[in-house]
Amino acid sequence: MAGFRENEKQHFPLQSIQDVVDLFRDQLTGSDEPNLPLLSIVLGAIENVLTVNRSLPGEIDHSKTLEPIFPVIELETVEALYEKFVTHVKRSIDLTKFCGEVATRELVKLVSDVIWSSLMRSFYKDKAHLQSLYSFLTGNKLDCFGVAFGVVAAFQVLGYKDVHLALSEDHAWVTFGQDLLETAEVTWHGKGNEDKRGQPITMGVSEKSWLYLNDQPVLCTRQMEVASIVSGINPSISATVDSLEMGSLQQELLWLLYDMDHLSRYPMALGNLGDLEEISPTPERPQPIDLFNEAIQSALEHYNNQHVYPYTYLGGYLYRKGHHKKALQAWADAADTVRNYNYNREDEEIYKEFLEIANDLIPHMMKIVASDNAARIHHTSLLYDPDCYANFLRFYDGICEWEEGSPTPVLHITWAKQLVFSLSKFDLSVREHIEVKGEGLEDDSSSEEEEMEEEVNGRRGEEGEDKVMDDTEPSSSHRPGRRGRRPKINIEPEG
Ligand SMILES: FC(F)(F)Cc1cc2c(N3CCN(c4nnc(C(F)(F)F)s4)CC3)ncnc2s1
């Protein structure tokens with residue numbers, strides 16, 4: 001059984017971050033494809049030592065002795081696991097029935113079944129450190145991303161060059177076939193959703209759905225598949241403690257991939273790197289703000305600005321740095337992106353993101369600036385700034401349009417309460433400087449007014465029955481937004 005190539009073996013044993021970076025650089029250089037199973041096993045083995053099987057309480061506390069605890073990763077360990085993966089895949093797939101150069105849907109489903117059927121019957125899917133082939137081969141556990149990556153790695157082992165990873169902001173699937181036009185589900189998503197493995201991602205499903213990014217997913221090359229497992233490194237030892245070694249390994253590998261231009265079409269990896277640089281800046285490297293802006297530029301350039309996370313990465317960073325006005329602008333830009341979508345039950349990850357911004361971060365920010373008397377007296381705070389007020393309204397307008405036409409409601413009474421709280425903090429003067437322009441619709445606007453009249457009366461009817469929107473669930477009396485078109489509101493500060 002062909003094990004590793006000579007140029008792979010020479011790097012072992014791996015004893016430092018630099019050794020791992022050298023292995024990855026070697027793998028990413030030259031004409032050969034990077035060996036996906038090898039690299040995933042290596043990262044999983046290191047992560048296991050540095051985070052999962054962390055020193056037990058009785059052992060020496062290395063942080064005190066400042067002794068580096070980078071594990072020694074032996075060739076034998078990695079090679080044994082690699083052989084196990086290759087043997088398992090080759091033994092389970094009879095390729096004589098598939099003679100084509102490219103994969104077929106039937107073969108994709110078969111390989112997905114091979115990974116799927118090897119998983120432990122039941123385990124906690126959301127647990128950390130289940131993303132690598134090390135976890136798959138030593139514990140038969142994989143998370144949603146890990147299954148998709150495992151399928152792609154298996155196809156590389158089988159010699160297929162057309163099967164690649166497709167990534168949205170909260171899901172993963174594969175593309176395959178002659179010109180990468182075929183797609184197939186290969187893993188599950190979320191809780192309580194039937195898996196759709198084997199099915200294509202069709203326009204019916206992916207259109208206006210954040211989970212599929214309006215057909216603008218990240219389509220990985222082999223090198224970007226390496227970037228996805230580096231980005232997927234999880235340095236956390238516990239809810240509050242991170243492994244510094246694991247974090248800096250991830251950071252150095254992301255810079256290696258950045259320098260080789262393998263992150264330019266991967267906004268989330270750029271965002272991850274920005275977060276790591278905020279925690280521990282690398283001298284002579286771009287600032288976090290630059291990386292977050294590169295992620296936004298990447299989404300604008302390559303993904304028709306359909307990605308939300310680049311703006312929430314930036315907004316979160318600016319908020320943490322106290323740049324409240326700019327944070328508000330980034331969050332309004334995020335809402336401008338989500339307004340293209342219709343919210344459905346599989347989109348709750350982005351719902352949670354906006355819920356936290358609207359009902360936690362912005363109210364907290366308003367409290368801080370409202371108590372800043374100096375800014376108040378000199379009218380320099382955002383509460384007096386029409387730009388901020390315009391961005392605040394744009395943020396909420398985006399969320400309202402997101403809800404319109406959606407099968408699942410977004411807003412409930414907590415949203416309304418927090419909106420009133422935040423809105424009331426703005427000084428009355430800001431309203432004099434903004435202009436809310438409605439763009440008339442092509443059709444006869446009177447019918448639009450009649451329809452609006454009817455709509456308002458209709459709602460009043462509902463509310464007439466004292467239907468108080470209860471706090472826990474999105475309002476039951478809520479009807480998905482009117483299917484009719486709506487006046488486009490441009491909220492711009494005057495002048
Ligand atoms: F494959 C899935 F299903 F897991 C979807 C993917 C997620 C993800 C990711 N994430 C998800 C988003 N993420 C965020 N961290 N902070 C975020 C923000 F809210 F601040 F924007 S978004 C962490 C990294 N980072 C690199 N690649 C991927 S591919």
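When a ligand or atom number is given, it counts from 1 through the structure's own listing order.
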Exercise. Honestly, is R197 close enough over W188, meaning NZ or CZ under 6.0 Å from the six-membered ring centre and within 45° of the axis?
Worked result: no

Exercise. Does ligand 1 have an atom under 4.0 Å from some heavy atom of S168?
Worked result: yes

For this session: Decide yes or no for W210 and E169: does some side-chain heavy atom of the first lie under 4.5 Å from some side-chain heavy atom of the second?
Result: yes

Seminar exercise, completed: For D170, the ligand 1 atoms with a heavy-atom partner under 4.0 Å come out as 3 (F), 5 (C)

Exercise. At under 4.0 Å between heavy atoms, which part of V218 makes contact with ligand 1: side chain, backbone, both or neither?
Worked result: neither

Exercise. Please state which protein non-hydrogen atom is closest to atom 11 (C) of ligand 1 and give its distance, to 0.1 Å?
Worked result: M268 SD, 3.9 Å

For this session: Report yes if the side chains of K127 and D143 come closer than 4.5 Å at any heavy-atom pair, otherwise no.
Result: no

Exercise. Within the structure, does Y313 bring an N/O atom to less than 3.5 angstrom of an N/O atom in ligand 1?
Worked result: yes

Exercise. So is Y317 in contact with ligand 1, going by heavy-atom distances below 4.0 Å?
Worked result: no

Exercise. Ring centres of W173 and Y212 under 6.0 Å apart?
Worked result: yes

Problem set entry | Part of L167 with heavy atoms under 4.0 Å of ligand 1, whether side chain, backbone, both or neither | side chain

Exercise. Using a heavy-atom cut-off of under 4.0 Å, does the side chain or the backbone of S231 touch ligand 1, or both, or neither?
Worked result: side chain

Exercise. Are K125 and F123 in a cation-pi setup, meaning NZ or CZ lies under 6.0 angstrom from the ring centre and within 45 degrees of the ring axis?
Worked result: yes

